[in-house]
Amino acid sequence: MKINDELITQTLEAAQNAAPQQVREILQRARALKGVSFTETAALLAVTDKQLLNEIFETAKFIKTEIYGNRLVLFAPLYISNLCNNECAYCAFRVSNRALKRRALTQDEVKAETLELIRQGHKRVLLVAGESYTGKGLQYVFDAVKSVYSVKDGKNNIRRVNVNIAPLTTEEFRQLKQYNIGTFQLFQETYHKPTYESLHTAGPKKDYDFRLNAMHRALEAGLNDVGIGILFGLYNYKYEVLAMLQHIKDLEDTYGVGPHTISVPRIEPAAGSELSERPPHAVSDEDFKKIIAVLRIAVPYTGIILSTRENAQTRRDAFDLGISQISAGSKTNPGGYENKEAGEQFSLGDHRTLAQVTDDMVSHGYIPSFCTGCYRLGRVGKDFMDLAKPGLIKIHCLPNAMFTFAEYLYDFADDNLREKGFALIDKMISDLPPQVKENTLERLKEIAAGKRDVYF
Ligand code: SAM
Ligand code: SF4
């Protein structure tokens, strides 16, 4: 595929003149949960008026609640290596950063890190690596996926390993699929080609088109779920969002399914990177909230992921606007969970532990979900989208969120959180449709009696 640069520029220009009434009509239509068009998205992105912005936020909140309820899925990144042959101007792992302490975890170390995450209560891991996989090539990553899945701690284990590594060829994607990964994540960083080329000056990542077409190859190779993203701060955010919509449309047109998730990282300070200290197109907190809300409105059924790059308050604000997955208790250096010495990729905005994050979520009415049910029942790719579309997420995913959170409360929480958590679960049960309620209560009893890994 190619990004239609001219169309984006023209659409953004035309959108400057959208009247408030037009924006309100778009927002009204958006409440049907069917998304909005490319041109309409541009009109929403152009809004600066405070009152209209609030109306955008309200609409995003409505859509988020209708589709996802009060559920937020949790995961942790697991950095296996900070070795990298690329030269990305914003990243501490870039090849020219000689001062960085490098480390590629051994498989035993991958297992030790995994155990640490399991003991915190995690069930989902995002495996991350720079683009250089020791002497073993890609097999190093495959082995790491196997290592993560191999670790058991009593009844607990990691049930879904998502992967964020460099783009692969179709044949390599076919091999990766054999290792039972969840989502393959890859961020385009910037869709604006001249900017991309000026910021990626060495290594395989220089090739913009190879990266842009990676998700097409992944789906071609039979992977079910792909996750896309933009690194905000590199180029004009409005351009990036429209380009991302073109990317999504091309995937939908070609494969009948769009991305499973969208990530919205903003640049954080990274060791030795001047650009990361002063991003050329820094996105303000207000614009960042608008981006999340507009994405929620434009592609209502695609998960939106927010990482610990953002601080606790920004994260709280963003939950309401459309975020459906968050990381917690993260470390961005290989070996970080075991306090091993190695350079981190960037500094974090949210340093709280998983326990602190879950506690805070419950206090704000959100239920932490560790659910991986869909993948294990084969509800992935297009099937997942079909399930999601009529709003069934609420019927399947809310009870599953309650089950996995109840398991977490029994196995990992302190008394205070356990009490608060079960109070929230009780409240949510009373809102369930009658036929789901009975089944849910039954399963919760099984969990109280010691059963684990309960889902439907
Ligand atoms: N090396 C692979 C790649 O570049 O696609 C995958 C892993 S890379 C560690 C994951 C992501 O981290 C990148 O896609 C980039 O968006 C993000 N990243 C790099 N430097 C960052 C920074 N200073 N602040 C925030 N995110 C950053
Ligand atoms: Fe390497 Fe990825 Fe960092 Fe670029 S963003 S330097 S490819 S780890």
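Start at 1 and go down the list; that is how both ligands and their atoms are numbered.
Within the 4.0 Å heavy-atom criterion, the part of L186 lying near ligand 1 is the side chain and not the backbone. Contact annotation: for Q185 versus ligand 1, there are no heavy atoms closer than 4.0 Å. For S273, no heavy-atom contact with ligand 1 is shorter than 4.0 Å. Contacts between Y90 and ligand 1 below 4.0 angstrom, taking non-hydrogen atoms only, involve backbone and side chain alike. Within the 4.0 Å heavy-atom criterion, the part of Q345 lying near ligand 1 is the side chain and not the backbone. When heavy-atom distances to ligand 1 are checked against a 4.0 Å cut-off, N164 comes that close through both its backbone and its side chain.
Distances below 4.0 Å separate heavy atoms of K205 from the following atoms of ligand 2: 2 (Fe), 4 (Fe), 5 (S), 7 (S). Shown in contact with I267 at under 4.0 Å from a heavy atom are these atoms of ligand 1, numbered in order with element: 24 (N), 25 (C).
Judged as a salt bridge (charged side-chain N to carboxylate O under 4.0 Å, His left out), not a single pair has a partner in residues 272-282 (not counting sequence neighbours). Sorted by first and then second residue, the pairs that involve residues 233-250 and meet salt bridge (charged side-chain N to carboxylate O under 4.0 Å, His left out), not counting sequence neighbours, are K249-D253.
A cation-pi arrangement is found for R217 relative to F210, the charged atom lying closer than 6.0 Å to the ring centre and inside a 45° cone about the ring normal.
Of the N or O atoms in E131, none lie within a sub-3.5 Å distance of an N or O in ligand 1. Below 3.5 Å of separation, one finds an N or O of K205 facing an N or O of ligand 1. By the 3.5 Å distance cut-off applied to N or O atoms, A129 is counted among the residues near ligand 1. The shortest N/O to N/O separation between Y79 and ligand 1 does not fall below 3.5 Å.
Between the side chains of Y208 and H192, no donor-acceptor pair is found at a separation under 3.5 Å.
Using modelled atom types, no side-chain atom of R315 and backbone atom of R309 make a donor-acceptor pair closer than 3.5 Å.
Taking the ring pair (Phe, Tyr, Trp, His ring centres under 6.0 Å) definition, one finds that F288 meets it with nothing, sequence neighbours left out.
From the protein, the heavy atom lying nearest to atom 21 (C) of ligand 1 is F346 CD2, 3.6 Å. From the protein, the heavy atom lying nearest to atom 13 (C) of ligand 1 is E189 OE2, 3.2 Å.
With atom 5 (O) of ligand 1 as the reference point, the heavy atom nearest to it among R94, R266, E277, R211 is part of R211.
Here 1 is the count of protein N, O or S atoms positioned under 2.8 Å from atom 3 (Fe) of ligand 2, waters not counted.
In this structure, S307 has no heavy atom closer than 4.0 Å to ligand 1.
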